[in-house]
Amino acid sequence: MKYIPRDTYVHHLALYKDKHIIKVITGVRRCGKSTVMILYQQYLTEHGVQPEQIISLNFEDYSLSELLDPAKLHAYIKARLVPDRITYLFLDEIQNVSDFQKVTDSLFLDEHVDLYITGSNAYLLSGELATYLSGRYISIEMLPLSFKEYESAASNTLSITEKYRQYIENGSFPYILQSESTQQEAAEYLRGVYSTIVLKDIISRYKINDTMMLESVVRFLFDSIGSPLSSKKIADTMTSAGRKIDVKTIEKYLYALQNSYIVYEAKRYDIKGKQYLRTLEKQYVVDPGMRSMLLGHKSFDAGHILENVVFLELIRRGYEVYTGKMGTGEIDFVAMNREGSVYIQVSATVRNEETLERELAPLRAVRDFYPRLLLTLDEDPDADYDGIKRTNVLDWLCR
């Protein structure tokens, strides 16, 4: 099977090549972590690294089950290190190895080992591992395919609009595009990924007994993407609908869902007061296709799904992303990095004059000089409204 290029992640890894720091790749199951390891190994061989300098182990491979014993794994690797040259060591789904923290800590002591590890949940960076590796690792968080990656790899017989529709309906997981899955096949695949996350990364790890309640919370969150929520609001809404649940349980479920990378949170930021707010966060799902799989296509909401896609893209581009409060108005996203901020409104269409003015108003109220964008699906020429740039969102996603 031909691999879909994931150049952004490969280049990110290349920045840390030969640097004595552990590279930790995390992200939702099946988002392509193993593939990025393979693509990066190809990059290494193309840049002069010899095959014997690369050791790659995937701990979901049953043939490596003996190496789940930390002592045997350590001995296996030490026997294969190349003397006086750097050995590039790739440990995939390392959390399957008991006491893996001690193994990675020991291997890190060897200055001739360039170490890369992956895992599917935030356990990799919690507890003992964070203690062992304090100040000695960088975390690279992966997501499924961006729309740019998807559009480049999808059939050239489709228009960009058709590709976007396929992207949000079938999902952004690489296997679905690689296997040219039908909508039904994509839904079945996503159901399998979702079930594995719920069973392995959430229910078993967090010892959740009421699986039906967890499913109800997930459905509620997926149906409410882009809407301001608090734990109390979720609990009150579900209780009034006949599903009694308390705030602490909601908070536990949110923590588990976020640590399994199935849900992402955008906190609120008061732009005028320049302060972070503690209430009414927004939740977004890691993949729009997973939302369609769980809720069905009757729940289709073009505006909020587009907002979800833009949120994930901003995360991919390295921004810290907040929802913005501007007086009594709201700005969909305040995206921050070391260079400053970008203010973004997202709307499926602004061809109606009243809708256009409603979207522009909060952006006009911003008084600093950072960029302000209005992103829409309208296939119209770009426009400028007193410094506010309106552009087609699919063009923006593909830049």
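This one's a predicted model, so the numbers in the text were calculated from it and none came from an experiment. All values below come from the heavy atoms of this structure, side chains included, with hydrogens, waters and symmetry mates left out.
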Whether Phe147 and Tyr167 hold their rings parallel, tilted or perpendicular, with breakpoints at 30° and 60°: perpendicular

hydrophobic_cluster_shared for Leu277 and Val247, side chain cutoff 4.5 Å: no

Atom CG of Asp386 with >12 non-hydrogen neighbours under 6.0 angstrom: no

Side-chain heavy-atom pair Asn392, Glu379 within 4.5 angstrom cut-off: yes

Asp236 with Lys232: basic N within carboxylate O range, under 4.0 Å: yes

Note, Thr118 side chain near Leu91 side chain (heavy atom, < 4.5 Å): no

Lys19 and Asp114 ion-paired at < 4.0 Å: no

CA sep, side-chain torsions, deciding dist, call: Thr349, Leu377, side-chain contact (heavy atoms from CB on, under 4.5 Å): CA-CA 6 Å; Thr349 179; Leu377 287 168; over 6 Å; no

Exceeds 12 heavy-atom contacts within 6.0 angstrom, atom NZ of Lys252: yes

Chi angles and distances behind the ring pair (Phe, Tyr, Trp, His ring centres under 6.0 Å) call for Tyr322, Tyr276: CA-CA 9 Å; Tyr322 302 86; Tyr276 303 100; 5.1 Å; yes

Side-chain ion pair, Glu52 and Arg85, N-O less than 4.0 Å: yes

Within 6.0 angstrom of Arg278 CZ, more than 12 heavy atoms from elsewhere: no

Name each donor-acceptor pair under 3.5 Å that joins a side chain in residues 183-194 to protein atoms two or more places apart or in another chain, with its distance.
unit_1	atom_1	unit_2	atom_2	d
Gln183	NE2	Glu169	OE1	2.9
Gln184	NE2	Glu188	OE2	3.4
Glu185	OE1	Thr182	N	2.9
Glu185	OE1	Thr182	OG1	3.4
Tyr194	OH	Glu215	OE1	3.0

CA sep, side-chain torsions, deciding dist, call: Ile168, Ser292, side-chain contact (heavy atoms from CB on, under 4.5 Å): CA-CA 8 Å; Ile168 61 175; Ser292 296; over 6 Å; no

Common cluster, Tyr385/Ile344, ILVMFWY with side-chain heavy-atom separation under 4.5 Å: no

Salt bridge Arg364-Glu357, side-chain N to carboxylate O under 4.0 Å: yes

Geometric class of the Tyr40/Tyr43 ring pair [parallel <30°, tilted 30-60°, perpendicular >60°]: parallel

Trace of the salt bridge (charged side-chain N to carboxylate O under 4.0 Å, His left out) decision for Glu93 with Arg30: CA-CA 11 Å; Glu93 300 296 347; Arg30 306 304 171 207; 5.8 Å; no

Trp396 six-ring face occupied by Arg390 cation (under 6.0 Å, within 45°): no

Passing candidate, side-chain contact (heavy atoms from CB on, under 4.5 Å) with Gln345, options Leu375, Ile331, Leu360: Ile331

Linked, directly or transitively: Val350 and Leu373 (ILVMFWY side chains, under 4.5 Å): no

side-chain contact (heavy atoms from CB on, under 4.5 Å) between Thr323 and Val334, intermediate numbers included: CA-CA 6 Å; Thr323 62; Val334 181; over 6 Å; no

Test: Arg80 cationic atom under 6.0 Å from Tyr88 six-membered ring centre, within 45° of axis: no

Arg29/Asp201 ion pair, N-O < 4.0 Å: yes

Trace of the side-chain contact (heavy atoms from CB on, under 4.5 Å) decision for Glu313 with Ser146: CA-CA 7 Å; Glu313 181 60 24; Ser146 68; 3.6 Å; yes

CD (Glu60) with more than 12 external heavy atoms under 6.0 Å: yes

Note: Glu307-Lys282 ion pair, threshold 4.0 Å (strictly below): yes

Residues Glu251 and Lys248 bridged, charged N to O under 4.0 Å: no

Single-linkage hydrophobic cluster Leu15~Leu44, side-chain heavy atoms < 4.5 angstrom: yes

Over 12 non-hydrogen atoms of neighbours within 6.0 angstrom of CG in Asn209: no

Cluster check Leu363, Val310: I/L/V/M/F/W/Y, side chain < 4.5 angstrom: no

Close side-chain approach of Phe311 and Val346, heavy atoms under 4.5 Å: no

